[in-house]
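All values reported here derive from a predicted model rather than from experimental measurement. Ligands are counted one by one from 1 in listed order, and the atoms in each one are counted from 1 as well. For the single chain, residues carry numbers from 1 onward in sequence order.
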Amino acid sequence: MFIPFIFKYYVFLHHYYTNHMKSRDTFTGKIGIVLATVGSAVGLGNIWRFPYEAGQNGGGAFIFIYLVCVLALGFPLVMAEFAVGYKAKANVVGSFKALAPNTPWYMVGLMGVSAGFLIMGFYFVVTGWTAEYFWQAVQGNLLHLSSEEYKIMFDSFIAHPIKPLVWTLIMIVLVHVVIINGIKNGIEKASKILMPTLFVLMLVLAIHSLLLPNAMEGVRFMFEPKFENITSEGVLTALGQAFFSLSLGMGCLITYASYFGKGINIPRIAFQVSFIDTMVAVIAGLVIFPAVFSFGMQPDEGTGLVFVMLPTVFEQMPFPIFWSSLFYLLLALAAFTSVISLHEVVTSYVSEEFSLSRKKAVSIVSGAVLVLAVLASLSLGASIHPIFGKSVFEWLDYISATILLPLGGVAVSIFVGWYLDKRILLDVLEQEGQFKFRFFKTYIFVLRYIAPVCILIVFLHNLFLA
Ligand code: PHE
């Protein structure tokens, strides 16, 4: 009787100490929080994915719908994820277990971890491409080719069985090292240097693009909504893209908020992050579309847009090697701070839920993601054939961004809007009265009705049509 009791008590204490008492690593303060979260949000989603999706879905109308999605659904959900992580102080699965013990809500966490893992599968590959382009730019190889030649260069590189994989591996090793170093000394440090630099550089490039002949045609393409071009799939893509870009719907923001210290004005930080992320996407569009139209190209180039189009733009500038190297370096770094956050979601889950050391957890995640990334990369060449019309790479992107993230968004809005005690929520948002959050009632209404209903309508409409 007594022995099993002692043993149980010991197991309980052990679990409690490993999960709660080893004082959790945190960000150092507000600036660190904003920059690290912006580091997660701003990435390939803004500079690579947003422009090519806008280009493929008709420009202005897509961008308009995207902006509505960010403001009406994205921003409230960023706040909701922050509140969950801040309150629970645990990984994404642990957070749902802590706030809703003995319920199936933790499955939403599991869905998030899976989405994070799938996104990493293709995200690491593209991060590798950016590194290759940086390397080519530094050597002066991105000069004096025609746009057709740049296209051939890109297509043959991504289809190569070895070259992209070398870069993918290097990126996984680098992210591995940052994650081992934890929050303050790893993630926060990296973001504080990289993010401000990226922002300034993007502005300079946008101004340059806007000064090109015929640039206004690109601006018109971005801001003149032609709603007749928009399809229901375009709406779902815009929604998925808004979630992807804000790192929403998979617990990334829950995980980061679990490292926030006290006295943080969550609504304000959520707004700043959503705003900066959207600005970067729009500015990326202003870098790319004026140039596309100025050089008489098509905006629906797809995944190659940034890699095929931009070298032509840099050539027109003084010091092209300098500008193109800097751009691809920063693109790589933006991708890097995002893929760090994806890795952190899965690593914190593995480490906390299975009581493994951070080191062990990081290794397991890095190893597993390597396998997935190899499959994703090879699927762009001849070695792995498309499955039901899409490559493994495209499936990973589609299942995670277009299906799992919106579903995760619905789940979080229902969880925070209906399940979570409203006093707890208000206390977190106002930090026990330290700040005033005037829109609480409207906010709850959005979480309860607007967000889940809108997301589900878009989602089901598509599933039904597909
Ligand atoms: N938000 C990142 C980007 O735009 C991608 C990302 C998605 C990162 C989900 C973390 C979680 O590139």
For ligand 1, run through the N/O pairs with the protein that fall under 3.5 Å and put one pair on each line.
unit_1, atom_1, unit_2, atom_2, d
ligand 1, 1 (N), Ser40, O, 3.2
ligand 1, 1 (N), Ala41, O, 3.0
ligand 1, 1 (N), Phe244, O, 2.8
ligand 1, 1 (N), Ser245, O, 3.1
ligand 1, 1 (N), Ser247, OG, 3.0
ligand 1, 4 (O), Ala41, O, 2.9
ligand 1, 4 (O), Gly45, N, 3.3
ligand 1, 4 (O), Asn46, OD1, 3.3
ligand 1, 12 (O), Leu44, N, 3.1
ligand 1, 12 (O), Gly45, N, 2.8
ligand 1, 12 (O), Tyr123, OH, 2.4

Practice task
Would you please name every residue forming a side-chain hydrogen bond (donor to acceptor under 3.5 Å, both in side chains) with Tyr150, sequence neighbours left out?
Solution key: Glu315

Exercise for the section: For the pair Phe50 and Phe62, name the ring-plane relationship: parallel under 30°, tilted 30 to 60°, perpendicular over 60°. Expected result: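 Judged by the thresholds at 30° and 60°, the geometry between Phe50 and Phe62 is tilted.
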
Exercise for the section: Please determine, by modelled atom types, if Ser40 and Ser338 share a side-chain donor-acceptor pair under 3.5 angstrom. Expected result: no

Exercise for the section: Determine whether Leu67 and Thr278 make a side-chain contact, defined as any pair of heavy atoms from C-beta on separated by less than 4.5 Å. Expected result: yes

Exercise for the section: Applying side-chain contact (heavy atoms from CB on, under 4.5 Å), name anything that partners Ile403, two or more places apart in sequence or on another chain. Expected result: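 By the side-chain contact (heavy atoms from CB on, under 4.5 Å) rule, Ile403 matches Tyr398, Leu407, Phe459.
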
Listing, residues 368-375 side-chain donor-acceptor contacts under 3.5 Å, not counting sequence neighbours, or none:
none

